[in-house]
Amino acid sequence: MAKIFTVASGKGGVGKSTFCANIALSLEKLNKKVLLIDGDVCLRSLDLLLSVDEMVVYDWLDVLENRCDKDKARLFFSDNIQLLPAPSEYPENMTCELFGSLLSQYRDEYDYIFIDSPAGTGALPLCFAQCADTCLAVATPDEISARAACVLGNQLTAKGIKEENLRLIINRFDEKCVKKGKMLNADDMIDRTYIRLLGIIPEEPDLMCSSVTGKQLFDYSDAKTAFDNIAGRITGKEIPLIL
Ligand SMILES: Nc1ncnc2c1ncn2[C@@H]1O[C@H](COP(=O)(O)OP(=O)(O)OP(=O)(O)O)[C@@H](O)[C@H]1O
Ligand SMILES: [Mg+2]
């Protein structure tokens with residue numbers, strides 16, 4: 001039965017969708033089967049990041065509202081990575097029970113399900129987080145993103161999500177900037193967000209390119225290693241928290 005993660009952030013544009021696409025690729029290398037659910041209603045992006053945008057016909061709201069079968073809605077990026085695109089209209093009266101009923105239709109077929117959440121602390125991100133086993137808070141190493149991640153963490157714990165089910169991903173980390181005092185380091189981020197760290201992903205210009213060209217990251221990039229390490233930790237391997 002799939003372990004369900006929601007990938008959230010307080011501040012927008014910090015790399016949630018990039019994380020979802022790349023963590024799926026890393027888990028696939030470990031022979032894990034992954035379903036990505038684009039939760040960014042009206043602003044879907046995972047279909048573009050995975051270059052399956054021309055195949056989108058249905059979305060998960062069509063499944064929930066019985067306009068299409070659960071198998072018809074998912075797009076096959078590969079045998080082990082599938083995508084449920086986001087609807088282009090906001091789902092009325094979304095509840096944790098309703099979204100949970102969608103998850104339960106797919107849960108048995110996958111090792112992991114990742115929900116790419118919209119940014120912020122609105123009803124939808126909170127609903128996704130409540131449906132998940134673990135909530136990953138993505139933040140870039142700056143004061144604004146750190147504060148937003150802290151607010152997100154507080155809102156999630158207020159909704160009953162336990163601290164042990166909340167993890168921090170620091171994205172776009174640049175060692176040189178940290179040394180020059182222009183960027184927060186990992187300890188600063190943990191101190192400000194009060195969230196336990198799961199991994200650090202370095203700044204990687206190729207990630208930006210891959211979102212434009214649809215080409216995957218090169219295996220030798222530091223970012224790829226960072227995603228592989230996080231994938232390893234998710235599968236229960238003991239991998240030290242270094243860059
Ligand atoms: N580690 C990284 N290094 C360099 N660029 C990155 C990195 N991670 C993400 N980016 C870039 O940052 C931009 C925003 O990324 P992305 O769309 O994944 O963020 P998001 O959190 O999903 O945004 P939104 O809140 O709008 O959904 C993209 O151009 C992406 O290529
Ligand atoms: Mg996104």
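Counting starts at 1 for both ligands and their atoms, in listed order. Throughout, numbering of the chain's residues begins at 1 and tracks the sequence. What you see is a predicted model; the values in this text were computed from it and never measured.
- No side-chain N or O of T134 forms a donor-acceptor pair with one of N165 less than 3.5 Å apart.
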Could you give the side-chain donor-acceptor pairs of residues 141-152 under 3.5 Å, partners two or more places apart or in another chain?
{"residue": "D142", "atom": "OD1", "partner": "I144", "partner atom": "N", "Å": "3.2"}
{"residue": "D142", "atom": "OD1", "partner": "S145", "partner atom": "N", "Å": "2.8"}
{"residue": "D142", "atom": "OD2", "partner": "T140", "partner atom": "OG1", "Å": "2.6"}
{"residue": "E143", "atom": "OE1", "partner": "R192", "partner atom": "NE", "Å": "2.8"}
{"residue": "E143", "atom": "OE2", "partner": "R192", "partner atom": "NE", "Å": "3.3"}
{"residue": "E143", "atom": "OE2", "partner": "R192", "partner atom": "NH2", "Å": "3.1"}
{"residue": "S145", "atom": "OG", "partner": "T140", "partner atom": "N", "Å": "2.9"}
{"residue": "S145", "atom": "OG", "partner": "T140", "partner atom": "O", "Å": "3.4"}
{"residue": "S145", "atom": "OG", "partner": "T140", "partner atom": "OG1", "Å": "3.3"}

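- Among the atoms of G12, none of the N or O lies under 3.5 angstrom from an N or O of ligand 1.
- Looking at ligand 1, you won't find any N or O of K11 less than 3.5 Å from one of its N or O atoms.
- Ligand-side atoms of ligand 1 in range of K16: 18 (O), 19 (O), 20 (P), 21 (O), 22 (O), 23 (O), 24 (P), 25 (O), 27 (O), range being under 4.0 angstrom from any heavy atom.
- Residues L64 and L98 meet the side-chain proximity criterion, which asks for heavy atoms closer than 4.5 Å.
- A search for ring-ring contact (aromatic ring centres under 6.0 Å, His included) contacts involving Y58 returns nothing, not counting sequence neighbours.
- Taking each of V138, T18, D40 in turn, the one with a heavy atom nearest to atom 15 (O) of ligand 1 proves to be T18.
- No donor-acceptor contact under 3.5 angstrom links the side chains of Y106 and Q82, judged on distance only.
- Checked against a 3.5 angstrom limit, the closest N/O atoms of S17 and ligand 1 fall inside it.
- A donor atom on one side chain and an acceptor atom on the other are found under 3.5 Å apart for S17 and S45.
- Residue contacts with ligand 1: S9 is excluded, as none of its non-hydrogen atoms falls under 4.0 Å.
- Contact annotation for N171 and ligand 1: only side-chain heavy atoms (C-beta onward) come within less than 4.0 Å of the ligand.
- In terms of polar-atom proximity, defined here as any N/O pair under 3.5 Å, P205 makes no such contact with ligand 1.
- F5 and Y112 have tilted rings, their planes meeting at an angle from 30° to 60° on a 0 to 90° scale.
- Residue F19 has no N or O atom closer than 3.5 Å to an N or O atom of ligand 1.
- Taking distances strictly below 2.8 Å, the protein N/O/S atoms close to the Mg ion (ligand 2) are S17 OG.
- Partners of E92 under the side-chain contact (heavy atoms from CB on, under 4.5 Å) rule, at least two apart in sequence or in another chain, do not exist in this structure.
- When side chains are defined from C-beta on, L27 counts as touching T235, because their heavy atoms get closer than 4.5 Å.
- Residue contacts with ligand 1: P202 is included, with a non-hydrogen atom under 4.0 Å away.
- When only interatomic distances are considered, the shortest N/O to N/O separation between E204 and ligand 1 falls below 3.5 Å.
- A donor and an acceptor atom, one from each side chain of T157 and E163, are nowhere located under 3.5 Å apart.
- Around atom CZ of R196, no more than 12 heavy atoms belonging to other residues, nucleotides or ligands sit under 6.0 Å away.
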